[in-house]
S.K.: 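One structure, pasted below without further comment.
Count residues from 1 along the sequence. Note: hydrogens, waters and symmetry copies are ignored here, and every other heavy atom, side chains too, is used. Every value quoted in this text rests on a predicted model; they were computed, and no experiment measured them. Read the numbers this way: they start at 1 and go in the same order the structure lists the ligands and their atoms.
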Amino acid sequence: MSWPASPDLLAPLAPWFGRVRRDLAWRARDLEAPHPDPYAVLVSELMLQQTQVATVVPYFQRWLEQFPDAATLAEADEDAVHKAWEGLGYYRRARFLKAAAVSIVAEGWPDDLDGLAGLPGLGPYTAAAVGAIAFQWPTPALDGNAFRVLARLLLIEGDPKARAAELRTWLVPALEALGPSRLTQALMELGATVCTPVPACGACPLGDHCAARRAGRTGDIPPVAKRAKPKASTLWLVALEAKGQFLLEAPAAKGLLAGLWRWPTFDAADHGSVPSPGSITAWPGWTQVYTHRREAVTPLHIGLAAPFAPAEGLRWVPRTELQGLPLGKRDQRLRDLLDTPGQPLLEAPDLASLVRACAAPSA
Ligand code: SF4
């Protein structure tokens, strides 16, 4: 490894961060001392996994009002926790956060990186980030942004993640020299605002010493990983209502969507398109994009004369309780639409086939 010493190469990041740092609610003013509220750092880091800063800000504020410390969160009702997370996506993070709070209340904060990494939901990156930002440990936190910055700075060919162990070792002296919290956040900030996939090298404090910039290689370092094409589907997203009650899928105990109530969905290809019977209201659809799939969704309200015995996993829920249920982003959207005028539908799914799919098998 013939990389320049990290404290020298990264030194310009410290004054730059002092000038440009955004005033975010979870950031301590004093970057020399341990953070006064490690719980706030933990919450912010879990929320920031997979989610943009601007989206996280209001959620973080509301969360801290509702669950101001680990003890309050540890005791909180699971539905309230999901409700507070509603709209942020990747709901496992909310459950991990609560489980981490339970562990912290029972056993106190871990006193090393391995202990932090053992908390629910904290992978190596989040544990290292919390270690550096909350406790001033020189624990190198390498996420996609940091890998991109360092790959360019050091002109690393191929996937920089393959050099993770070397990069961590290389970073430690800089964390010690410039301050773990300051340098960790400065690297994150640089990756998020300047050394983005299309970098703004003219505004970069490291521009004079960046090997990729000197070599004219910022466009191909690091190489962009090819993603598998997402699977596409066309779905009816359906609010079936009978006598003031809606049919919903009750939350699963495990998996990505555990804790969330969901509207039934039906693959359009499986449930035909027939002339609409008139008891169906529709709203303009949208495309829901997930990491591995794309759903073209058409939201519908279908009024039925009477409820039927639902299949396992489905429940009739009174309209009055709908607002209090934790729903994912897609399903919230239909809940909000129910309060707005829709439009009649010309072509609809075959109602009998939907009801058959949702009803308990007859004895
Ligand atoms: S000079 Fe450009 S490529 Fe190099 S670290 Fe700065 S923004 Fe990134």
S.K.: Just wondering, are more than 12 heavy atoms of other shown residues or ligands nearer than 6.0 Å to CD in E312?
M.R.: no
S.K.: Taking atom types as modelled, is there a side-chain donor on Q185 or R27 under 3.5 Å from an acceptor on the other?
M.R.: yes
S.K.: Which ligand 1 atoms does G207 reach within 4.0 Å, using its non-hydrogen atoms?
M.R.: 1 (S)
S.K.: Quick one: look at L206 and ligand 1, take heavy-atom pairs under 4.0 Å, and tell me if it's side chain, backbone, both or neither.
M.R.: neither
S.K.: Just need the protein heavy atom nearest to atom 8 (Fe) of ligand 1, so name the residue and atom and give the distance.
M.R.: C195 SG, 2.4 Å
S.K.: I need the atoms of ligand 1 closer than 4.0 Å to a non-hydrogen atom of T218, numbered in the order shown.
M.R.: 3 (S)
S.K.: W63 pairs by ring-ring contact (aromatic ring centres under 6.0 Å, His included) with which of F60, F67, Y59?
M.R.: F67
S.K.: Could you tell me which atoms of ligand 1, counted from 1 in the order shown, lie closer than 4.0 angstrom to a heavy atom of R213?
M.R.: 1 (S)
S.K.: If we only count heavy atoms from C-beta on, is the L237 to R333 side-chain gap below 4.5 Å?
M.R.: no
S.K.: Starting from atom 2 (Fe) of ligand 1, which protein heavy atom do you reach first, and at what distance in Å?
M.R.: C201 SG, 2.3 Å
S.K.: May I ask you to decide whether R148 forms a salt bridge with D143, counting only side-chain N to carboxylate O separations under 4.0 Å?
M.R.: no
S.K.: Got the closest protein heavy atom to atom 4 (Fe) of ligand 1, with its distance?
M.R.: C210 SG, 2.4 Å
S.K.: For a quick check under 3.5 Å, do R22 and T193 share a side-chain donor-acceptor pair by atom type?
M.R.: no
S.K.: Please examine the side chains of R93 and L88, heavy atoms only from C-beta on, and report whether any two atoms are closer than 4.5 Å.
M.R.: yes
S.K.: For atom 6 (Fe) of ligand 1, grab the closest protein heavy atom and report residue, atom and distance to one decimal in Å.
M.R.: C204 SG, 2.3 Å
S.K.: With heavy-atom distances below 4.0 Å as the criterion, list the atoms of ligand 1 near R152.
M.R.: 3 (S)
